[in-house]
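In what follows, a structure is listed as structure tokens, so that the remarks can point back to it.
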Amino acid sequence: MESYELTFEPDDRYNAFLAVCKKAPYGKGKLSGIAVAVKDNISTRGIETTCGSKILKGYIPPYDAHVVELLRNSGAAIVGKTNMDEFGMGTTTENSAFGPTLNPCDTGRVPGGSSGGSAAAVASNMVPMALGTDTGGSIRCPAAFCGIVGLKPTYGRVSRFGLIAYSNSLEQIGPMGQTVSDISTLMQVIAGKDRKDSTSYDRPYTHTPVADIKGLKIGIPGEYFGEGVDPKVAGVVKTAIDRLEELGATTVPCSIPSMKFALAAYYVTCTCEASSNLARFDGVRYGPGADPKKSWHEAYKEVRRAGFGTEVRRRIMLGTFALSSGYYGKYYAKAQVARENVKADFARIFSEVDLIAGPTMPSIAFKLGEKSDPLSMYLSDILTVPANLAGIPAISVPCGKAEGMPVGLQIMGRSFDDERVIDAAYAYEQAVN
Amino acid sequence: MVTEKDVEHIAELADIGINTGELDTFTHQFNAILDYFDVLDQVKGDTKVTRDLTNIMREDIVEPSLPRDEVLKNAAAQEDGFIKAPRVM
């Protein structure tokens, strides 16, 4: 029972929120009275949910996502919905139909994306924790750019029921917070089997972080420090890895040769899945409405041209093309082989090491408007997409600054080793703070 | 290499709606992105996709669904308890 009420009237100067619940109900439990912000592609009963898109403006879900139900049951106050790249498609939050979110560390820069609103809300202390979603880095990138912690859990660890799907085989809901303990607390609430998501596993999370990484072996992939990675960012992350060694871990160099194909495999897969998933937005059951006097295709086209932003239309078309007759074998089939090769590379490395560490992002936060070319924006996801392709857990924890902007240390682990990934991040965080 | 004509055709397949003014930009961007995707031509092997979960079923028992008026609330056009859609034929 949500019988209490939290007053929430933030000064949202960064445009982090798309909807705010000024009187947020909450109940008793582990998170009683704690303000939690929820990314706007996660369904919230009675609270407008737009995915950052005009096509869902005014849509009020009649049900809660499973994770939202779990949050409410644990007493959390859902205080608002956060800004995002439309349907999660972007690395900057500039693709929101409702204006970009600004980075609280430097308002001339983007917060990263696509969960940029959640990251900015946490980084500016409006909320202690938030939910994001990560399809190709959308939790870890904004966490790194804004200087907070963000975890992409193992695929299947957290139910996706009620998440408005963009790329089902890649995306996961995950926690974002100011500290690793916050991440762990949220995982205790949201992880576990949900019969309404048949890809979810019966692997609840009951762990409390332990700051001990003595004896752990950490692989350092050369590809994470190579071409395209800003040397200043690489330097900050190397210092952080030295710190992990001082804490008793040993590091060994390793290699992920399939990285060469990872980004292309990722973009082919996610655009193909998007072209199918987003077919449901016809304006008829929800959304702006389709002209009933027009023919189906005519009305449908009109709704989608007006309702979707450019990046969403671009990805739907790319996916449609890649799946079209004559191209399936060249793109989608090859991408799935490449994806299996990425998984195999991780399996081989994890037979010898416990964790893999490197930078989360190849650069610091971009300036607003800097990534106007779509391909150059896609390329900035290169260090985050491998974990999504393989389904493994990956965390970004702040590890210092370059040019005055936060840098994230990314730690990846074996599937369902979220606990160990969290412990390593916790050990690092405790040592430097 | 895709042409403006190809992009128009894809837009038609995807029912996405496209303005002639956008064709040039989309075509240009698609060619850059598809050039990048060509790296996949070098992928070796034919590893089959593996999944450790298969066919998650439940008993075929009717469970309560959302109330009709709740669901209709989000539809812009409705008539007699149904959602009104553009004609298909």
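Protein chains get the first letters and strands the later ones, always in sequence-line order, with residue 1 at the start of each.
- With a 4.5 Å cut-off on non-hydrogen atoms, B:F26 touches chain A through its side chain but not through its backbone.
- Contact of B:E22 with chain A is made through the side chain alone, with heavy-atom distances under 4.5 Å.
- Using cut-offs of 30° and 60° for the angle between ring planes, the A:Y201 and A:F416 rings count as perpendicular.
- Proximity to chain A (any heavy atom under 4.5 Å) is shown, for B:L72, by neither the backbone nor the side chain.
- Comparing B:T25, B:L40, B:I56 by heavy-atom pairs within less than 4.5 Å of chain A, the highest count is held by B:L40.
- Checked by atom type, the side-chain pair B:T3/B:D6 shows a donor-acceptor distance below 3.5 Å.
- For the residue pair A:S169 and A:R339, a side-chain donor N or O sits within less than 3.5 Å of a side-chain acceptor on the partner.
- There is no contact between B:E79 and chain A, counting heavy-atom distances below 4.5 Å.
- For B:E63, the CD atom counts as densely surrounded, since its 6.0 Å shell holds more than 12 non-hydrogen atoms of other residues, nucleotides or ligands.
- The parts of B:E70 that come within reach of chain A are both its backbone and its side chain, each placing non-hydrogen atoms under 4.5 angstrom from that chain.
- Side chains of A:T44 and A:T49: a donor-acceptor N/O pair is present below 3.5 angstrom, by distance only.
- With a 4.5 Å cut-off on non-hydrogen atoms, B:K73 does not touch chain A at all.
- The parts of B:I16 that come within reach of chain A are both its backbone and its side chain, each placing non-hydrogen atoms under 4.5 angstrom from that chain.
- Under a cut-off of 6.0 angstrom, the local environment of NZ in A:K54 is sparse, with at most 12 non-hydrogen atoms contributed by other residues, nucleotides or ligands.
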